[in-house]
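Written below as structure tokens is the structure these notes are about.
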There are 2 protein chains.
Amino acid sequence: MSYTYEHPRPSVAVDLVVLTIVDSELKVLLIRRGEPPFEGERALPGGFLRTEPEPGEDLEQAAQRELQEETGLPPGAVFLDQLGAFGRADRDPRTRVISVAWYALVRPTLAPFVKAGGDAAGVEWAAVEGTQGLAFDHDAILAAAVRRVREDLERRPLAFELVPETFTIGELRHVFDVIHGQAEDKGNFRRRFLRMVDEGLLEQASGQRRTGRRPARVYRFVGAQRAPRR
Amino acid sequence: MSYTYEHPRPSVAVDLVVLTIVDSELKVLLIRRGEPPFEGERALPGGFLRTEPEPGEDLEQAAQRELQEETGLPPGAVFLDQLGAFGRADRDPRTRVISVAWYALVRPTLAPFVKAGGDAAGVEWAAVEGTQGLAFDHDAILAAAVRRVREDLERRPLAFELVPETFTIGELRHVFDVIHGQAEDKGNFRRRFLRMVDEGLLEQASGQRRTGRRPARVYRFVGAQRAPRR
DNA sequence: TCAAAAGTGTTTCTCGTACACCCATGT
DNA sequence: ACATGGGTGTACGAGAAACACTTTTGA
């Protein structure tokens, strides 16, 4: 309760769970740590909040900055929302660190550009399934992110962040299939989808997609704002 | 990206949005600040994360500790979950502070004991509606908490945290009415409720409640775990 | 006896679910 | 021609929504 500012302070880090879908798999962006602690091991990308020059950057700014540094993608091209704060006392063996974790969704069309732009040596897209043994408490953060995306997928327009700007019904359904780990019924998904169209959330775009089989109509997301709620 | 530990560190605070229902109104626990900044103004209860002795306390521990200090209620009697981190650079005029906010739900039966137990001078239950002008960014934190509770009420067993251990259907419906600001249909709510009973989430308790009118059956929540997901 | 809340029933509509089937295209 | 995914139809059931009605109590 003592509301004084004189006391030792923890470090505040910002960590990112950057997700995309490649080859029908949910992937997460991991780095290989180049320094202790956990040197040589894999971890989520992240960094410390800058507090200089006073008063420093907003938490959200810090997350956006890290995201940009780590992916090389233009700001605004990637969906970003806060996951929460992770603050187990022993999560960093060296000193006290609070991590504010964020999750980001990268369109598959942009994913290939990420490795090129990243500064860190060992940046890679790793399959989420089977990923384990990350540094710090990053296993737990990753798990929380996946749970969160799975839940939010149902009630917020997240899926549109994992397809190209224009997309077919099949492509969108594929996002759900991958994230939920099971196939949706084609016809039922289509109906749900078309309902969104005449609610005005989606509109048919011009052109069509020729992807091997029968060409499909393409749509575009126009619903309200894609921004998070905060 | 520089993953070094040598840099100025922000303070980390833990703030609480403690909610209850009294007199058919959603109430939030507020304190009157006794020192700068914002001396004399109202604010959410909270305090700084303790990092001594090394490595200090977990974030969740800190929240529980504050909750206990502020309400005087026994630990475990109150539902607590994390809201998120609030870190606008200018949120504290004096120095850089990151706030990790939590929301708590106090049963109406316990609410009256809170003022007695609190140490701070000006602890009060204030109606959420119309509350404004809180210190720091606490208006925003409060708004986020209310939005979150409204959403979670639908898909997690939150309502049971705002009734006595045993409760009538009407009492539970009242929670929804107050939080959503509009009355549910009696019959429809009842059906939803009874569905939970034969799903095993609720069980009829012994006895009945005599509260003025016709006595009502009382129920008890037995569903899985009440704990948050983290 | 009257108001108020408990408790019950009914009807309509929407949506999720499961499944069957046709259509257009590249190989 | 045939496999593949796009596109369409149908039928059932659970649940949301709106509303009317009976029952039990205290005042």
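Throughout, protein chains are lettered first and strands after them, A, B, ... in sequence-line order, and every chain is numbered starting at 1. Predicted, not measured: the structure shown is a model, and the values here were computed from it.
As a whole-Å value, the separation of A:Arg209 CZ from C:dT25 C1' is 17 Å. When the C1' atom of C:dT8 is taken as reference, atom CD1 of B:Ile169 falls 11 Å away, rounded to whole Å. Taking atom CD on A:Gln208 and atom C1' on C:dG26, their separation rounds to 14 Å, with Å as the unit. Rounding to whole angstrom units, NE2 of residue A:His180 and P of C:dT17 are separated by 11 Å. Atom CD in B:Glu154 sits roughly 14 Å away from atom C1' in D:dG15 (whole-Å rounding). Between A:Phe167 atom CZ and D:dG5 atom P the separation is 20 Å, expressed in whole Å. At whole-Å resolution of the value, CZ in B:Phe193 and C1' in C:dA5 are 15 Å apart. Taking atom CG on A:Leu194 and atom C1' on D:dG6, their separation rounds to 12 Å, with Å as the unit.
Between the A:Asp23 side chain and the A:Glu25 main chain, no donor and acceptor come within less than 3.5 Å of each other. The backbone N or O of A:Asp58 sits nowhere less than 3.5 Å from a side-chain atom of B:Arg88 that would complete a donor-acceptor pair.
The side chain of B:Ala216 approaches C:dA6 more closely than any other nucleotide in the set C:dA24, C:dA6, C:dG16. Proximity note for A:Arg192 (side chain, C-beta onward) versus D:dG6, C:dG26, C:dG16: the nearest is C:dG16. Among the nucleotides D:dT25, C:dA6, C:dT25, the one closest to the side chain of A:Arg213 is C:dT25.
Judged by the 6.0 Å distance and 45° axis criteria, A:Arg192 is positioned over the aromatic ring of A:Phe176.
Using bins of under 30°, 30° to 60° and over 60° for the plane-to-plane angle, the ring pair B:Tyr103/B:Phe79 lands in the tilted bin.
With a 6.0 Å radius and a threshold of 12 heavy atoms from other residues, nucleotides or ligands, A:Glu199 has its CD atom above the threshold.
The residue B:Arg191 sits close to a base: some heavy atom pair falls under 4.0 Å. Here B:Arg217 lies in heavy-atom contact (under 4.0 Å) with sugar-phosphate atoms only. Nucleic acid contact for A:Arg173: sugar-phosphate only, since backbone atoms but no base atoms lie under 4.0 Å from a heavy atom of the residue.
The base of D:dG5 is not paired with the side chain of A:Lys186 by any donor and acceptor separated by under 3.5 Å. Put simply, the side chain of B:Asp185 and the base of D:dA16 share no donor and acceptor less than 3.5 Å apart. With hydrogens and angles ignored, a donor-acceptor pair under 3.5 angstrom links the side chain of B:Arg214 to the base of D:dT23.
A sub-4.0 Å separation between OP1 or OP2 of C:dT8 and a side-chain N or O of B:Arg190 is present.
Each of B:Asn188 and B:Glu171 lies near DNA chain C, and the nucleotide nearest B:Glu171 is the one positioned closer to the 5' end. Across the interface with DNA chain C, nearest-nucleotide mapping of B:Thr168 and A:Gly187 shows B:Thr168 to be the residue nearer the 5′ end.
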